[in-house]
Amino acid sequence: MRWTLPNVLTILRLLAAPGVAVMFLYFNRLWADWFALTLFLAAAATDWIDGRLARAWGQETRLGAMLDPIADKAMVVIALMVIVGYSSYSPWIVLPATMIVFREIFVSGLREFLGAAAGTLKVTKLAKWKTTLQMLAIAILFAQGVFEHYLGLERSGMGPERVAAVLAGEAEDVHGLRWMHRGMLATGYAGLTLLWIAALLTLVTGWEYFRKALPHLKD
């Protein structure tokens, strides 16, 4: 194994995947959301950097080629598990998350079954867009948690009527509730929209891989 900088970045991204979930075990929600968001963004950035460095420096290795897709899948699947759990199992999040996880398991199983012929299932540009949208959606949904908990902290001690009046613009917004509320709604809708688009791309790319594998599945 060659311990090049691109490979080290890939391994760090792989280790960061469970770290996102660990944040919610040792910190309360506000700090956990901040730490998870920061860790996820840093890990996602390495996904963009390591491949480019490996190609630019001529340091592409079998280790990196093997670990890179595993790290991407681990990041997405573990982060989705956390988001689903803290969304009170909202069907709007559970359904696209299920589609994404199912596709990843299905394609991984196809590649394992094909063995030496797995090269026919090379990552396509559409699949790269799918991964990018997944990571962007997850980061935005973590950001929603930050807005949500700041909003909850600032309105603590205020009655529901007072909060409603502030959000409606009928009372002075001393604590900035309105922009926190808008931020929570904006990140929530944006994250969900991108997650559904990513889920649909997930199904499309999964079908493309299955179609390419069909000739190798015939007896």
Side-chain angles (χ1 to χ4, degrees), residues 13 16-48 71-104 129-160 162-169 171 173-203:
R13 185 165 78 258
V20 170
V22 170
M23 295 298 104
F24 291 86
L25 297 179
Y26 292 98
F27 301 97
N28 61 42
R29 275 302 305 276
L30 179 58
W31 288 109
D33 283 310
W34 266 118
F35 291 151
L37 174 60
T38 303
L39 184 60
F40 188 85
L41 287 175
T46 67
D47 184 38
W48 184 83
D72 290 345
K73 289 175 175 57
M75 278 182 59
V76 168
V77 170
I78 292 175
L80 283 177
M81 287 172 53
V82 171
I83 290 171
V84 166
Y86 282 100
S87 70
S88 300
Y89 297 98
S90 165
W92 290 102
I93 291 181
V94 171
L95 186 54
T98 301
M99 293 160 62
I100 290 170
V101 173
F102 172 80
R103 182 267 190 194
E104 299 299 354
W129 273 105
K130 174 266 302 179
T131 301
T132 300
L133 286 176
Q134 285 176 354
M135 291 186 177
L136 186 57
I138 289 169
I140 292 174
L141 288 173
F142 277 137
Q144 183 201 19
V146 174
F147 279 110
E148 181 181 356
H149 285 86
Y150 270 123
L151 180 63
L153 286 174
E154 293 298 336
R155 70 182 183 187
S156 61
M158 299 173 62
R162 173 68 177 174
V163 172
V166 170
L167 294 180
D173 187 12
V174 178
H175 302 289
L177 296 187
R178 281 197 289 272
W179 74 264
M180 294 178 196
H181 186 254
R182 292 191 193 104
M184 182 185 71
L185 292 179
T187 49
Y189 287 128
L192 274 179
T193 300
L194 290 176
L195 188 64
W196 274 94
I197 294 173
L200 294 176
L201 288 181
T202 290
L203 295 182

Geometric class of the Phe142/Phe24 ring pair [parallel <30°, tilted 30-60°, perpendicular >60°]: parallel
State, to 0.1 Å, how close [X] and [Y] come at their nearest heavy-atom pair, and which atoms those are.
| X | Y | answer |
| --- | --- | --- |
| Leu177 | Leu151 | O-CD1, 3.7 Å |
| Pro96 | Leu195 | CG-CD2, 3.8 Å |
| Ile138 | Ala79 | CG2-CB, 3.6 Å |
| Leu194 | Ala137 | CB-CB, 3.7 Å |
| Ala198 | Lys130 | O-CG, 3.8 Å |
| Leu30 | Val146 | CD1-O, 4.1 Å |

Could you measure the distance from the [atom1] atom of [X] to the [atom2] atom of [Y]? Nearest 0.5 Å is fine.
| X | Y | atom1 | atom2 | answer |
| --- | --- | --- | --- | --- |
| Ser87 | Leu80 | OG | CG | 10.0 Å |
| Tyr86 | Met81 | OH | CE | 11.5 Å |
| Thr187 | Phe147 | OG1 | CZ | 6.0 Å |
| Gln134 | Lys73 | CD | NZ | 9.0 Å |
| Thr202 | Trp196 | OG1 | CH2 | 11.5 Å |

Hey, are the side chains of [X] and [Y] touching, using non-hydrogen atoms and a 4.5 Å cut-off?
| X | Y | value |
| --- | --- | --- |
| Ile140 | Gln144 | no |
| Met184 | Met180 | no |
| Glu104 | Val76 | no |
| Trp34 | Met23 | no |
| Val20 | Met75 | no |

Criterion side-chain contact (heavy atoms from CB on, under 4.5 Å) on Met135 and Asp72, from CA distance to verdict: CA-CA 9 Å; Met135 291 186 177; Asp72 290 345; 3.7 Å; yes
Member of Leu133, Thr132, Thr131, Ile100 meeting the side-chain contact (heavy atoms from CB on, under 4.5 Å) criterion with Leu201: Leu133
Identified side-chain contact (heavy atoms from CB on, under 4.5 Å) partner of Leu41 from the options Leu39, Leu37, Thr38: Leu37
